[in-house]
Protein chains: 2
Amino acid sequence: MTSKQEFIEKLRNSSLRPTKQRINICEVLFNRDKTFHFTINDLFNLIKDKTGEKVSLATVYNTVHAFHRKGYLKEIPINSNQTYFDTNVTDHHHFFDVKEEKLIDLKNEDVGPIEIQKSIPGKKIKSVEVLVKLED
Amino acid sequence: MTSKQEFIEKLRNSSLRPTKQRINICEVLFNRDKTFHFTINDLFNLIKDKTGEKVSLATVYNTVHAFHRKGYLKEIPINSNQTYFDTNVTDHHHFFDVKEEKLIDLKNEDVGPIEIQKSIPGKKIKSVEVLVKLED
DNA sequence: TCGTTGTTTATAATTATTCTAAAGAAGATT
DNA sequence: AATCTTCTTTAGAATAATTATAAACAACGA
Ligand SMILES: [Mn+2]
Ligand SMILES: [Mn+2]
Ligand SMILES: [Zn+2]
Ligand SMILES: [Zn+2]
């Protein structure tokens, strides 16, 4: 259970003023027990459903991107027509149920450490992500 | 060095008639030594450059998708505004140079076998892909 | 309260991708 | 080879996710 004060802190850290709309976005994003995988469209609809107030799509996009830049949200590489985000910003891997179009977290122990034996001169590793696609 | 006969065979296998345009597409896609990572737009421009003949964008999209359906091309999951394809259709992993927006193949031995210890009832694993993002 | 700066929103713009339908080419049949 | 049928190419329109714009509005510090 996350408090409104924490939302305000996250917003301030992201150089965003705590407005009613942004607090509502935070409510849907961060007031949860488990990790939340979503598209902008998912989020947009959940805000209406959960708070009863509509936030414009532009504000949802802008706020999500600010949180992403700040590291409060993670972008999950999936080939889909929509971009997927994740409230679990730790390094972790995913199942992607292709039929349901749903992401499921994999614990690191379910995959094990991944040692990359190759390197590219002048480049360093930023992230290592495993995506396991599921079918019926 | 792949021959025109092989292109025709690939096309026929994909239920496509071997037209001049599709042969040109094959020329750019498959007449290579090493694996080729590309977006539709890359391919579209390379066809003009390499064959001197323009193929319509719609035909490029349609042909790439037919090859993809048939398994002659692989789609690489990347969050980009454009979809990436790969002529290497074997199971393998990638570096993605975020700045250059370039994919680089990783040999399986550079990553090692990946054992997924978790399973979802009613679902089976379709693919396991590692994406290693690179920064400067 | 006032002034400044940042925010929201409807709406337009952008861009990758897909669709459409008319003109053209491939393959089969004679 | 001429003809018929089916598939293909293409320009342009349609779609859909995302981003940009700019006018009305709200947060905040003085
Ligand atoms: Mn982003
Ligand atoms: Mn495809
Ligand atoms: Zn996750
Ligand atoms: Zn590859």
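Naming convention: chains lettered A, B, ... in sequence-line order (proteins, then strands); numbering from 1 in each chain. Not measured: the values here are computed from a predicted model.
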- prompt: CG of Asn79(B) versus P of dA16(C): gap in Å, rounded?
  reply: 15 Å
message: Rounded to whole Å, please give me the gap between CD1 in Ile47(A) and C1' in dT9(C).
response: 14 Å
message: For dT19(D) and His65(A) - does any side-chain N or O of the residue sit under 4.0 Å from the phosphate oxygens OP1/OP2?
response: yes
query: Can you find a pair of side-chain heavy atoms, one from Asn88(A) and one from Asp105(A), that are under 4.5 Å apart?
result: yes
- prompt: Asp42(B) has an atom CG; how far is it from atom P of dA16(C), in whole Å?
  reply: 11 Å
message: Can you tell me how far apart CG (Leu29(A)) and CD (Glu27(A)) are? Round to the nearest 0.5 Å.
response: 10.0 Å
field: Validation row: Lys124(A), Asp136(B) side chains within 4.5 angstrom (heavy atoms)
entry: no
query: What's the CZ-C1' distance between Phe44(A) and dT19(D), to the nearest Å?
result: 16 Å
Whole-Å gap separating C1' (dA17(D)) and CZ (Phe85(A)): 12 Å
- prompt: Just checking, any donor-acceptor pair under 3.5 angstrom between side chains of Ser127(A) and Asp91(A)?
  reply: no
field: Distance, rounded to the nearest Å, where Gln82(A) contributes CD and dT19(D) contributes P
entry: 12 Å
task: Take the protein atom CD of Glu75(B) and the nucleotide atom C1' of dT17(C), then report the distance between them rounded to whole Å.
output: 12 Å
message: Categorize Thr83(A) for me: base, sugar-phosphate, or nothing, with a 4.0 angstrom heavy-atom threshold over every strand shown.
response: sugar-phosphate
- prompt: Taking OH from Tyr61(A) and P from dA12(C), how many angstroms apart are they, rounded to a whole number?
  reply: 18 Å
- prompt: Hey, does the side chain of Asn62(A) reach the backbone of Ala58(A) with a donor-acceptor pair shorter than 3.5 angstrom?
  reply: yes
task: With rounding to the nearest 0.5 Å, note down the distance linking OG1 in Thr59(B) to NZ in Lys54(B).
output: 10.0 Å
- prompt: Along nucleotides 8-16 of chain D, 5' to 3', which nucleotides get a B, which get an S, and which get a -, given that the test is a protein heavy-atom distance under 4.0 Å?
  reply: SSBB-----
